[in-house]
Amino acid sequence: MTLRIGVIGVGMIGQDHIRRLTEVLSGGSVVAVSDVDHDRARKIASTLPGCTSQVAGEELIADPNVDAVVVTTWGPTHEKFVLAAIEAGKPVFCEKPLATTREACERIMSAESEAGQRLVQVGFMRRFDASYRALKDAVDSGRIGAPLMMHCAHRMPEAAPNYTSEMAITDCLIHEIDLVRWLFNDEVTAVRVLKPRGNSNTQEGVDDPLFVLIELGSGILVDVEVSANIRYGYDIRGEVVGESGTVALADNTDVVLKQGAHYSGRVPSDWRERFIRAYDVEFQEWIDNLAANKPPAGPTSWDGYAATAVADAAIEAMRTGNRHAVMLATKPDFYQD
C-alpha cells in the first residue's frame, strides 16, 4: 500500500522532501501540499500527479485522502500543525524544532499521550547518517571503554543574511544537542557558551564563532565549536574520547588526490550535500514503519522537548556568560524505551 502524504510548507526544504518522496524513495506518494504562499503551493501541486493544494495546513490534515503529514513550515507554526495531526490521529513528521518553546512541546507531549499512540517524529536527521551510526556502534560496543568527552565542530561557509546569534543555537547547535543525547543515551544537565574572537566575515552584531560546553548527567563533557562564516565549506566533525581509545567521524570525501607534492579531498558545500543520504534513510524508515503499522521509530516528542529545553538554556548562557543548568520535566512513561 502506498502511504499518501501531505506536505505543509513547500519552501526550500519542503520542496527537497517532495523530490525525495516522489523521485528517490519507495512506498510513499505526495497527494496534497499547503503553504502560506498559495500560488507556490498550487504551482508545486500542478507538477505532481493527483496532487491537490489546500490553503490552510489544517485543511490538508483533515483531508481523508491524506494518511500522514510532513511539516516543514516556520518553527513557530509547528505546534498548531502537529497538534492538529495528533487530533486527527495521523502520523506527523515535523522538521526541527518540534516547537519553539518548552510549553508548546509539553502541550504536544500531553496531546500525544492522551491519544495513546506515538504519532510524532522529529527531523533530527543525524541519527540516520551512516557515519554517526557507525560512531554510535563503536561507542556502544565498548571498544574505546567508557566515553569521557566529545569534541564537535559545526562549520558553515557563510551564514544567511538574516542569521542571528540565537540561530547558532536554535538552527545549528540543536543538532549536536540531540546527537549527544542519542549517542550517549543521557540527558544534558548544564551548558556554557563562550564567545571567542569574532570572525571578521560575520555580520555586525552577530556572535560568531561560539564555543559551547555541554555537561551530561553521567559526567561526559562535550565541546562544540559553531562557526557560521568559515568560508572553506560545510564541515561537521566529531570525536569521542574513551578510557582506552577514541573514535571519530572520517573526512567526508570520496577520494584523496595526491599530485604535485600535495594531497587534497573535497569538503561538502552545504548541509544538503553532507546529509542527503541521511535524509533519504530517515524518510524511508519513517515510511516503512508506518506501512508496517508500526509507530515512528525516530526522535520522539520527548526528544524534541529535551532539545528545545537545552537550546533555551544555551541562549540564556550565551546572554549571561554563565553556566546555566538544564531543568527537564520528568520523562513520561509514554516515552520510556
Side-chain angles (χ1 to χ4, degrees), residues 11-17 19-20 24 72 95-96 123-136 150-180 183 193-214 222-241 246-282 311 314:
M12 179 179 63
I13 194 166
Q15 290 182 42
D16 193 50
H17 288 337
R19 175 197 61 79
R20 177 170 291 108
V24 179
T72 65
E95 274 297 348
K96 58 86 180 168
F124 289 119
M125 81 293 180
R126 291 196 189 180
R127 297 189 185 201
F128 301 87
D129 178 69
S131 298
Y132 275 116
R133 285 184 164 183
L135 192 74
K136 182 169 175 59
M150 185 175 185
H151 308 297
C152 301
H154 188 136
R155 298 172 180 165
M156 302 182 296
E158 185 176 13
N162 65 338
Y163 186 82
T164 65
S165 300
E166 289 75 16
M167 289 171 68
I169 306 296
T170 59
D171 286 28
C172 301
L173 179 71
I174 199 164
H175 282 291
E176 278 78 18
I177 291 170
D178 178 73
L179 171 71
V180 299
L183 185 63
V193 179
L194 304 177
K195 301 175 184 179
R197 178 181 178 177
N199 186 332
S200 62
N201 295 317
T202 301
Q203 304 95 311
E204 184 176 355
V206 174
D207 295 311
D208 175 53
L210 296 178
F211 186 85
V212 184
L213 185 62
I214 295 172
V222 180
D223 62 77
V224 186
E225 168 208 330
V226 181
S227 292
N229 292 278
I230 206 162
R231 291 296 188 261
Y232 73 88
Y234 184 82
D235 195 4
I236 302 299
R237 296 178 174 268
E239 179 188 28
V240 180
V241 179
T246 70
V247 59
L249 300 175
D251 284 338
N252 193 254
T253 186
D254 293 329
V255 297
V256 174
L257 173 66
K258 296 181 180 181
Q259 186 269 335
H262 293 80
Y263 68 91
S264 63
R266 175 170 174 76
V267 179
S269 59
D270 62 19
W271 53 271
R272 286 165 294 189
E273 182 180 350
R274 170 61 180 84
F275 288 111
I276 188 169
R277 281 295 300 141
Y279 282 109
D280 292 348
V281 173
E282 175 185 45

Flag side-chain contact, heavy atom, 4.5 Å: [X] against [Y]:
X: Trp271; Y: Met156; answer: no
X: Leu179; Y: Phe124; answer: no
X: Glu239; Y: Leu249; answer: no
X: Glu158; Y: Tyr234; answer: no
X: Glu225; Y: Ile230; answer: yes
X: Met150; Y: Leu135; answer: yes
X: Arg274; Y: Ser131; answer: yes
X: Tyr132; Y: Ile236; answer: yes

Between [atom1] on residue [X] and [atom2] on residue [Y], distance to nearest 0.5 Å:
X: Ile174; Y: Glu176; atom1: CD1; atom2: CD; result: 10.5 Å
X: Arg19; Y: Tyr279; atom1: CZ; atom2: OH; result: 11.5 Å
X: Ile276; Y: Asp16; atom1: CD1; atom2: CG; result: 6.5 Å
X: Asp235; Y: Asn252; atom1: CG; atom2: CG; result: 9.0 Å

Provide the closest heavy-atom pair for [X] versus [Y] in the form atom of the first, atom of the second, distance.
X: Asp171; Y: Lys96; value: O-NZ, 3.1 Å
X: Asn199; Y: Pro209; value: N-CD, 4.0 Å
X: Ile169; Y: Ala314; value: CG2-CB, 3.7 Å
X: Pro196; Y: Leu210; value: CD-CA, 4.0 Å
X: Pro157; Y: Ser269; value: CG-O, 3.5 Å

If only atom types and distance count, is the side chain of [X] paired as donor or acceptor with the main-chain N or O of [Y] below 3.5 Å?
X: Thr246; Y: Val241; value: no
X: Asn229; Y: Ala159; value: yes
X: Asp270; Y: Glu273; value: yes

Exercise for review: Apply the test side-chain contact (heavy atoms from CB on, under 4.5 Å) to residues Arg127 and Asp178: give CA-CA distance (whole Å), side-chain angles for both, the deciding distance (0.1 Å), then the verdict.
Suggested key: CA-CA 9 Å; Arg127 297 189 185 201; Asp178 178 73; 2.8 Å; yes

Check your understanding: Salt bridge or not for Glu282 and Arg20, using N-O below 4.0 Å?
Key ->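 No.
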
Point to revise | Charged N-O contact under 4.0 Å between Arg126 and Asp129 | key: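 Salt bridge: no.
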
Review point. How would you list all residue pairs meeting salt bridge (charged side-chain N to carboxylate O under 4.0 Å, His left out) that involve residues 194-212, not counting sequence neighbours?
Key: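 Applying salt bridge (charged side-chain N to carboxylate O under 4.0 Å, His left out) to every pair that reaches into residues 194-212, excluding sequence neighbours, yields Lys195-Asp207.
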
Practice item. Check whether the side chains of Arg155 and Tyr232 place a donor and an acceptor atom closer than 3.5 Å, and report yes or no. Key: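 Checked: Arg155/Tyr232 side chains pair up, N/O donor to acceptor below 3.5 Å.
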
